[in-house]
Amino acid sequence: MSGTLWLVATPIGNLGDLQPRAIEVLAAVELVCCEDTRRTGLLLHHSGVKAKRMAVCNEHTEHDLIDRVLGVLGSGGDVAVVSDAGTPGVSDPGERLVRAAIDASCNVSSVPGPSAAVMAVTISGLDTSRFVFEGFLPRKGRERATRLAELACEPRTSVLYEAPHRALRTLSDLCEACGPNRDIVVTRELTKMHETVVRGTLGSIDIGEPRGEYVFVLAGVPIDNTPATDQDVQRLLDEAIADGMSKRDAATAVAQQTGRSRRDVYQLTI
Ligand code: SAM
């Protein structure tokens, strides 16, 4: 019988959000994998827990930790993964350990809890029936241009993470890609003393001097039910390609936006 790999969510600001079951699991497991032993040590101390053993799990060490974690699980012990804040595996380490545990036929479970993305989208007031998690946008180059062009065509609500020093630049790039009329909700410092939610359009939103951690919730492009003509499709393709997308990516995005078949749309690019 293998042990269980537990993904344990921790607070994104307010320590009162640590679940009682998270405390139980962190106290019981043989090994706690965390991004920063000092930070997680403080959280454990706050909860009156002393971890049996801790290991650093970040983007550089997660892969090297796999054998050790599988060793503990294989001998029947449980392992917890926590990140600095929120849910592990959501723009945080965790995914590779989960994959490895599944491949080794070990149990994987979670103590669910805070995640900035879920909190932001649910308080945004935008459509929550379908939404896409975008995480952090690529910082520059063609990858960023492609992602922005995809967002311009995305009919579902999109959730993006952003650091304060890049917040204004990203808002301005989103405005350029999606147009000034698209609704956006900018949330900041969720669950903390300075929690702020600013609602507006990309062309008018004013978030002041950026400070703290941000989640942007971007409305989807309204779905137009009138069938797109070849001229409409050609115009959207030209725009997407001018924004840096490859013909293939542009065809996929425009097909999704217009409801036309990808094959028909791709024909129009050649
Ligand atoms: N795993 C975390 C989760 O489940 O939300 C996300 C980790 S990711 C490395 C950190 C980013 O999440 C921040 O740059 C910010 O965009 C967002 N974030 C985390 N905590 C937040 C908070 N209290 N308020 C607003 N955004 C937050």
Side-chain angles (χ1 to χ4, degrees), residues 2-13 17-19 21-22 25-26 28-41 43-44 51 53-75 77-122 130-139 141 143-144 146-147 150-151 154 156-163 166 170 190 213-217 249:
S2 87
T4 297
L5 179 70
W6 291 97
L7 268 74
V8 178
T10 58
I12 55 171
D17 293 337
L18 188 66
Q19 312 281 332
R21 203 158 73 90
V25 167
L26 291 170
V29 296
E30 294 303 321
L31 177 66
V32 174
C33 303
C34 58
E35 288 186 272
D36 180 343
T37 49
R38 198 171 158 272
R39 190 175 165 131
T40 300
L43 181 72
L44 294 176
R53 279 180 293 161
M54 293 176 105
V56 174
C57 178
N58 56 37
E59 60 177 309
H60 308 293
T61 62
E62 183 175 359
H63 183 263
D64 296 339
L65 211 52
I66 289 177
D67 286 347
R68 183 170 173 197
V69 167
L70 292 184
V72 177
L73 295 173
S75 60
D78 286 355
V79 176
V81 183
V82 296
S83 62
D84 279 352
T87 300
V90 179
S91 292
D92 264 341
E95 185 186 321
R96 278 184 278 187
L97 286 175
V98 168
R99 192 69 260 158
I102 292 168
D103 289 347
S105 303
C106 297
N107 305 321
V108 178
S109 192
S110 162
V111 180
S115 185
V118 175
M119 175 164 176
V121 74
T122 50
R130 297 172 76 208
F131 61 88
V132 206
F133 177 64
E134 283 288 331
F136 294 95
L137 286 181
R139 291 202 189 155
E143 277 182 45
R144 184 172 173 95
T146 301
R147 200 76 81 77
E150 285 169 359
L151 284 169
E154 176 56 64
R156 294 165 292 186
T157 301
S158 297
V159 184
L160 299 100
Y161 283 164
E162 196 47 285
R166 281 193 287 269
T170 293
L190 294 169
E213 299 190 280
Y214 285 90
V215 184
F216 297 164
V217 188
D249 289 347

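The model shown is predicted, which means the values in this text are computed figures rather than measured ones.
For the residue pair Ala55 and Leu65, the shortest heavy atom distance occurs at CB-CD1, 3.8 Å. Taking both residues in full, the closest heavy atoms of Thr157 and Val121 are given as CG2-CG2, 4.1 Å, listed atom of the first, atom of the second, then distance. In this structure, Phe136 and Arg147 approach most closely via the heavy-atom pair O-NH1, 4.2 Å. Minimum interatomic distance between Pro114 and Pro11 (heavy atoms only, all atoms of both residues): CG-CA, 3.9 Å. Across all non-hydrogen atoms, the minimal contact from Glu30 to Gly77 is CG-CA, 3.8 Å. For Gly135 against Ser91, the heavy-atom pair with the smallest separation is CA-OG, 3.8 Å.
A side-chain donor-acceptor contact under 3.5 Å links Thr61 and Asn58. Using modelled atom types, one finds no donor on one side chain facing an acceptor on the other under 3.5 Å when comparing Ser83 with Arg39.
With rounding to the nearest 0.5 Å, the separation of SG in Cys57 from CZ in Arg68 is 11.0 Å. Note that CD1 of Ile66 and CG of Asp103 are 9.0 Å apart. Values are rounded to the nearest 0.5 Å. Taking CG of Asp78 as the reference point, atom CG of Leu73 lies at 7.5 Å (rounded to 0.5 Å). One distance of note links CD of Glu62 with CD of Glu95; it measures 8.0 Å at 0.5 Å rounding. Note that CG of Leu97 is 6.0 Å distant from SG of Cys33, once rounded to the nearest 0.5 Å.
Using modelled atom types, no side-chain atom of Glu134 and backbone atom of Ser158 make a donor-acceptor pair closer than 3.5 Å. Distance alone, capped at 3.5 Å, is enough to place a donor-acceptor pair between the Ser75 side chain and the Val72 backbone. Panel note: side chain Arg21, backbone Pro112; no donor-acceptor pair is recorded below 3.5 Å.
Residues meeting the side chain to side chain donor-acceptor pair (under 3.5 Å) test with Glu154, sequence neighbours left out: Arg156.
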| request: Mind running side chain to side chain contact (heavy atoms under 4.5 Å, CB included) on Leu160 and Leu137 for me, showing each step along the way? | output: CA-CA 7 Å; Leu160 299 100; Leu137 286 181; 3.5 Å; yes

| said: As a quick check of understanding, evaluate side chain to side chain contact (heavy atoms under 4.5 Å, CB included) for Val90 and Tyr161, giving each step before the final call. | reply: CA-CA 10 Å; Val90 179; Tyr161 283 164; 3.8 Å; yes

| Val111 vs Leu7, side chain to side chain contact (heavy atoms under 4.5 Å, CB included): CA-CA, chis, key distance, verdict | CA-CA 6 Å; Val111 180; Leu7 268 74; over 6 Å; no

| Where do Leu31 and Val69 land on the side chain to side chain contact (heavy atoms under 4.5 Å, CB included) test, with the steps shown first? | CA-CA 8 Å; Leu31 177 66; Val69 167; 4.2 Å; yes

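Counting heavy atoms from C-beta outward, Arg144 and Thr170 have side chains that approach closer than 4.5 Å. In this structure, the side chains of Met54 and Leu44 come closer than 4.5 Å at one or more pairs of heavy atoms. Taking the side chain as every heavy atom from C-beta outward, Leu5 and Asn107 never approach each other to under 4.5 Å. Considering only heavy atoms from C-beta on, Ile12 stays 4.5 Å or farther from Glu213 through its side chain. With contacts defined as side-chain heavy-atom distances shorter than 4.5 Å, the pair Val29/Val79 does not qualify. For the pair Ile102 and Val108, the minimum side-chain heavy-atom distance is below 4.5 Å.
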